[in-house]
Number of protein chains: 2
Amino acid sequence: MTTREEISTGSSRAKIISTCTELFLEHGFAGTSMSAIAKACQMTKASLYYHFSGKEDLFIACVTDGYGVALRALQSIVADETAAPHDKLKRALIALYETTISSPVGRMSPLIAEVSRAFPSVARSFHSEYIAPQQALLWQIIEAGIASGDFRAVDRKQLFHIVFGPMVTLSLSREMFASFDDLDEHFPVEELRDSHIEVIIRMIRA
Amino acid sequence: MTTREEISTGSSRAKIISTCTELFLEHGFAGTSMSAIAKACQMTKASLYYHFSGKEDLFIACVTDGYGVALRALQSIVADETAAPHDKLKRALIALYETTISSPVGRMSPLIAEVSRAFPSVARSFHSEYIAPQQALLWQIIEAGIASGDFRAVDRKQLFHIVFGPMVTLSLSREMFASFDDLDEHFPVEELRDSHIEVIIRMIRA
DNA sequence: GTCTATACAGTGATAGAC
DNA sequence: GTCTATCACTGTATAGAC
């Protein structure tokens with residue numbers, strides 16, 4: 001399934017988006033100039049304006065671009081009918097860590113915060129097209145577990161607070177302190193992830 | 001105890017810092033111009049440059065300014081010799097929520113992420129003068145509880161992951177989605193805080 | 001679809017009067 | 001300690017040739 005954008009203007013657009021996403025992640029929205037983007041893409045500013053109506057449009061494309069990919073991994077786990085609730089939950093949490101910490105969309109949260117007042121529509125889209133679907137998918141697993149008696153009945157918002165909080169903060173911390181040479185020692189992803197998953201499992205087990 | 005800055009140039013500096021902090025929080029670092037700051041402070045750019053050597057210096061002052069106040073609440077809780085470990089922990093967590101979500105320093109995390117590559121020294125200062133002392137203070141309570149047999153022996157990093165993760169993410173979310181008119185319904189601070197505290201207590205209780 | 005050239009408002013920062 | 005005036009530069013965005 002290819003989206004309309006992917007076939008309309010070919011690969012130039014895709015190349016700009018991926019190059020540009022890196023720049024935004026590294027320097028922020030206001031800190032990344034159209035000139036810098038053009039240079040990194042090895043083209044002129046005028047060419048950028050052929051593909052995108054402006055800087056805001058370009059930013060929205062960068063944010064939106066990864067929604068599908070980021071959600072797909074989770075979707076396939078939810079769709080798996082053979083696995084037990086505990087297993088599905090564990091795999092879903094690992095996938096969420098991967099997405100939140102390593103994928104562009106996940107790492108873009110601080111950027112959304114930066115532009116949210118100037119462009120509230122970006123924040124709305126981020127929530128309705130990424131955050132909300134992600135939560136809905138995870139909740140499908142939880143609900144099935146509750147129905148089958150494997151999980152305790154838990155409050156949705158309170159659970160999400162405990163589930164997403166640590167992974168998002170870990171992502172933010174790793175962006176904030178990216179310049180530290182002992183980053184992985186301060187913020188070891190797998191070690192923190194695994195102990196976090198244990199806490200969640202203990203919390204929700206019936 | 002007054003710092004050297006507080007007495008040297010009087011109240012102009014303090015006024016600039018508080019006004020400027022609001023602007024940075026609202027528009028980000030690169031998104032806030034010296035002209036806008038001058039206007040909000042009801043003075044000219046040249047006057048700003050009399051008090052601060054440049055925009056970066058001004059930003060550092062805004063971030064650094066709140067360290068003391070933010071840590072003081074926690075310090076007084078740690079210093080209390082009469083309270084039991086459980087009580088101290090609970091009070092400390094409530095104080096941390098207050099600081100992380102409502103104080104300027106706490107809300108500045110996304111900003112640090114924004115400028116961290118351009119000015120790694122800001123990130124280092126934020127970590128060594130704010131994050132690390134905060135963690136050290138909390139850890140004093142935990143250690144005392146472990147020594148007295150009230151708390152289980154827990155891994156420091158893993159505990160911090162569960163403790164700070166949700167509150168930082170809640171702060172970030174409230175910044176990201178500040179434009180939502182149903183913000184408090186999506187992200188109700190006290191409800192989420194209290195259930196989070198229960199999880200922590202259950203997790204650490206001997 | 002990509003280029004050169006350009007418009008022009010806004011940027012951080014400074015000099016020097018008061 | 002605050003001002004006016006100005007600096008050199010970069011910002012986003014566009015017009016029009018190829």
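Quick note on labels: first sequence line is chain A, next is B, and so on, each numbered from 1. Just so you know, these numbers come straight off a predicted model, no measurement behind them.
Distances shown here put a side-chain N or O of A:S12 below 4.0 Å from the OP1 or OP2 atom of C:dT2. Dashed line: the shortest gap from a side-chain N or O of A:T44 to OP1 or OP2 of C:dC3 is under 4.0 Å. Checking the phosphate oxygens (OP1, OP2) of D:dT10, no side-chain nitrogen or oxygen of A:S35 falls inside 4.0 Å. The phosphate of D:dT2 (OP1 or OP2) has no side-chain N or O of B:Y50 nearer than 4.0 angstrom.
Between B:E175 and B:R107, at least one side-chain nitrogen of the basic residue sits less than 4.0 Å from a carboxylate oxygen of the acidic one, meeting the salt-bridge criterion.
Among the heavy atoms of the strands lying under 4.0 Å from A:S33 are primed sugar atoms or P, OP1, OP2 only; no base atom is included.
With sequence neighbours left out, the side chain to side chain donor-acceptor pair (under 3.5 Å) criterion links A:D80 to A:T82, A:R91. A:S103 pairs by the side-chain contact (heavy atoms from CB on, under 4.5 Å) definition with A:T99, A:V105, not counting sequence neighbours.
Put simply, NZ on B:K55 is 9 Å from C1' on C:dT11, counting in whole angstrom units. Spacing between atom NE2 of A:H51 and atom C1' of D:dA13 amounts to 16 Å, rounded to whole angstrom units. A:H27 has its NE2 atom 16 Å from the C1' atom of D:dG11, to the nearest Å. Counting to the nearest Å, the P atom of C:dC3 and the CE atom of A:M34 are 14 Å from each other. What separates OH of A:Y49 from C1' of C:dT2 is a distance of 16 Å, to the nearest Å. Residue A:D57 contributes atom CG, which lies 14 Å from atom C1' of D:dT12 at whole-angstrom precision. For the pair A:K45 NZ and C:dT2 P, the computed distance is 17 Å after rounding to whole Å. The distance from atom NZ of B:K39 to atom P of D:dC3 is 15 Å, rounded to the nearest whole Å.
Residues A:Q75 and A:R72 are in side-chain contact: their nearest non-hydrogen atoms beyond the backbone lie under 4.5 Å apart.
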